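All values reported here derive from a predicted model rather than from experimental measurement.
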Number of protein chains: 2
Amino acid sequence: MDKIEQNFLHALQTVLGQPNPFVPLHEPEFMGNEWERVKDCLDSTFVSSIGKYVDHFEVMLAEYTGAKYAVALVNGTAALHIALLLAGVKPGDEVLIPALSFVATANAVSHCGAIPHFIDSEFETLGIDPFALNDYLNDFSLSSSEGLTNRFTGRRIAAVVPMHTYGHPVDMTSLLDVANRYHLPVVEDAAESLGSRYQGQHTGTFGRLGTLSFNGNKVITTGGGGAILTNDAELAQQAKHLTTTAKHPHRWEFFHDAVAWNYRLPNLNAALGCAQLEQLPDFLHRKRLLAQQYQEIYREMEGIDFVVEPANSQSNYWLNTLELRQPSFEMRDRLLTAANDAGYQCRPTWKLLHKLPMYADCPHAPLPVAEQLEASLINVPSSAKLAGAGI
Amino acid sequence: MDKIEQNFLHALQTVLGQPNPFVPLHEPEFMGNEWERVKDCLDSTFVSSIGKYVDHFEVMLAEYTGAKYAVALVNGTAALHIALLLAGVKPGDEVLIPALSFVATANAVSHCGAIPHFIDSEFETLGIDPFALNDYLNDFSLSSSEGLTNRFTGRRIAAVVPMHTYGHPVDMTSLLDVANRYHLPVVEDAAESLGSRYQGQHTGTFGRLGTLSFNGNKVITTGGGGAILTNDAELAQQAKHLTTTAKHPHRWEFFHDAVAWNYRLPNLNAALGCAQLEQLPDFLHRKRLLAQQYQEIYREMEGIDFVVEPANSQSNYWLNTLELRQPSFEMRDRLLTAANDAGYQCRPTWKLLHKLPMYADCPHAPLPVAEQLEASLINVPSSAKLAGAGI
């Protein structure tokens, strides 16, 4: 084992303590009112599509994020699918998304019948680079009365989807500038960034619509769940309508007016979500402490940097992230092997989306930064309860 | 109030007792191990995509239904969507479904990019009429090396979807005969018929794939949930793969090989499902008693029949159903008004799917029986706990 591996492992051990026998990457914590809320929901028998917890969870989400409306859904992929539809994405359109993202971002585009078009990231935020995007749009797009089109494929460019990687906010001021310049609707994939703010404003509330995820590995969980955020009353109403079979309210009649989905969050999962959201400030506080511990110990380390939140931003530090100064798949995998063998669950970032077989033929920008990040990022254990574990 | 309304109400009152203040159409019952299982799931922290309850629920479903494999999913619509894809339904294909069904059956076809083609039902089963289907296929379809096509639209006919209405099994022997004759894959929509058997065999296990729903209004509930049943190991494996982001198992690598969905059932909901499934025989027993009570009281009634299970079948009597001898929307709505005003939640059957605006341009067979059923069916309160309520 080389010095870098030894130092890397030693730092993990200092922050996290001895694995006993295994430290997961991220695990949920149910130390609040989870039992009480879930039991109350079972006792009410309203565990499914109707019930007070869905309404309550939506109000809590809107209050917490500052969005005017929140619509609770079955997961983050479903939320992004419907948000894209509501932003006007049509079959055959292209949607600009980062090449460096979880596969769900691209899948949601595909579920609209649209084609993902992959964009580069920047080192500071790990998200879409607005300046590179601007230059690229200048080169490959054409503006007409029909809207923006890709001059090479002839397809309409329907939206841009900034994704706040591991909780670190995208440079939204610059991104919104570019989007406005090209009249592109912005749909924010804030699946990873509940609790993250850019210039004090919650991620997911800058775009026409934003989406959240409450999967089991996220900052808070509903088992499976997600939400759409928007400030537009009409879009919120449509989001609810399209995700609840587009049924018109009537005492008994079954009148549905659109092809629609069964994407609502069950009340049982919303009950868990309410209890989890009550604890979010505490989770964020402890996750921040953990991030500081990582930051401190990796500050002096040769060859490895800790990724800190971007300027003007407050990150939820969903997944703490290390970055090799010299991108190297070989070194990355050696560190991953050492850590996982020792019982610390660590992961690389995602395989870039344009390298996956089903997206290999999709258009993409030059991706020099994403390519470097792919070979240099490592996520380390990040559960709130790990704060102070090594002391 | 006319005599028929008075008799109808009196019969409801005799079977159900006085509403106090309201008798829902169908409500779940959590008198078994629901809290124990859900609490155990919360305590494990495995509430999301991984956990023992999903596996356990799938094994229990396979054992109960006799299917070789069951794949637990987020709801019945998602299950039918993926089952249709796996049966080979492609964008632009037509899929034969009953005009008399809940809108989800048609939506799942649309989610494949395919077009629903509506078929008539028969009085005895309330489901697809295999003989009418045979005659209709003889008229409108063409067989070629490409498969079966609609001679008028030129589109491929990709599958037929029998739906077991309110739990009453379709005449599967005749339906399978027709499907075999025309080389049509059968995908059974058994969303309403968990516990229903045709010639002793569980519904949902006759077709290449079958689907179940565990929505809050169903015989058992997981909050929201569904499943795919199949006897084909390869299809079961593909169903699991496509509904869990098509990720290849690896210690840390994110390699996904297909456009895929996040449709897995959370472990929390599966925990509830396990407890519910344990009680299914008891629910079915009491629902059967309730159906007998309805059958008895409506036996002598002028103008109204109780819909009994078809020959060679055992129905779960999910929703008990009355049928006006003289189809009449006006009379139907008068009875619905009287019952709902009195606190008994009653509903008509669904508006026929070809009458909904988004499906109005889809092809359909002559629908004389479905048209009559639409104007004559009324569902009455059917929860298991109502058995003996009026005594």
Does any heavy atom of chain B fall under 4.5 Å from the side chain of [X], the backbone, both, or neither of them?
{"X": "A/N267", "result": "neither"}
{"X": "A/C346", "result": "backbone"}
{"X": "A/R347", "result": "both"}

- Which of residues 253-260 of chain B get closer than 4.5 angstrom to chain A, counting heavy atoms alone? B/E253, B/F254, B/F255, B/H256, B/D257, B/A258, B/V259, B/A260

Residue, of [options], that accumulates the most heavy atom pairs under 4.5 Å with chain B:
{"options": "A/P91, A/G216, A/G225, A/P357", "value": "A/P357"}
{"options": "A/V38, A/N379, A/L25", "value": "A/V38"}
{"options": "A/G224, A/S49, A/P28, A/A104", "value": "A/P28"}
{"options": "A/H111, A/R251, A/E34", "value": "A/H111"}

When heavy-atom pairs shorter than 4.5 Å are enumerated against chain A, which of [options] gives the highest number?
{"options": "B/V74, B/T45, B/T77, B/L268", "answer": "B/T45"}
{"options": "B/N215, B/T222, B/I50", "answer": "B/N215"}
{"options": "B/S48, B/C41, B/P266", "answer": "B/S48"}
{"options": "B/Y263, B/F46, B/W252", "answer": "B/W252"}

Supply the atom-to-atom distance [X] [atom1] to [Y] [atom2], rounded to the nearest 0.5 angstrom.
{"X": "A/L272", "Y": "B/L42", "atom1": "CG", "atom2": "CG", "answer": "6.0 Å"}
{"X": "B/N107", "Y": "A/W261", "atom1": "CG", "atom2": "CH2", "answer": "8.0 Å"}
{"X": "A/N262", "Y": "B/S213", "atom1": "CG", "atom2": "OG", "answer": "7.5 Å"}
{"X": "B/L356", "Y": "A/K247", "atom1": "CG", "atom2": "NZ", "answer": "11.0 Å"}

- Task: Let me see the working for A/W35 and B/D43 under side-chain hydrogen bond (donor to acceptor under 3.5 Å, both in side chains), right down to the final yes or no.
- Result: CA-CA 9 Å; A/W35 279 17; B/D43 290 346; 3.0 Å; yes

Structural part of [X] lying under 4.5 Å from a heavy atom of chain A:
{"X": "B/F102", "value": "side chain"}
{"X": "B/T221", "value": "side chain"}
{"X": "B/Y359", "value": "side chain"}
{"X": "B/L265", "value": "neither"}
{"X": "B/H81", "value": "neither"}

- Residues which pass salt bridge (Lys or Arg N to Asp or Glu O under 4.0 Å) with B/K385, listed by chain and number, not counting sequence neighbours: B/E27

- Message: Any heavy-atom pair between the side chains of A/F30 and B/V47 that's under 4.5 Å?
- Response: yes

- Contact residues of residues 331-341 of chain A (partner chain B; heavy-atom separation under 4.5 angstrom): A/D333, A/L336, A/T337, A/N340, A/D341

- Message: Are there residues of residues 348-355 of chain A whose heavy atoms fall under 4.5 Å of chain B's heavy atoms? If so, which?
- Response: A/P348, A/T349, A/W350, A/K351

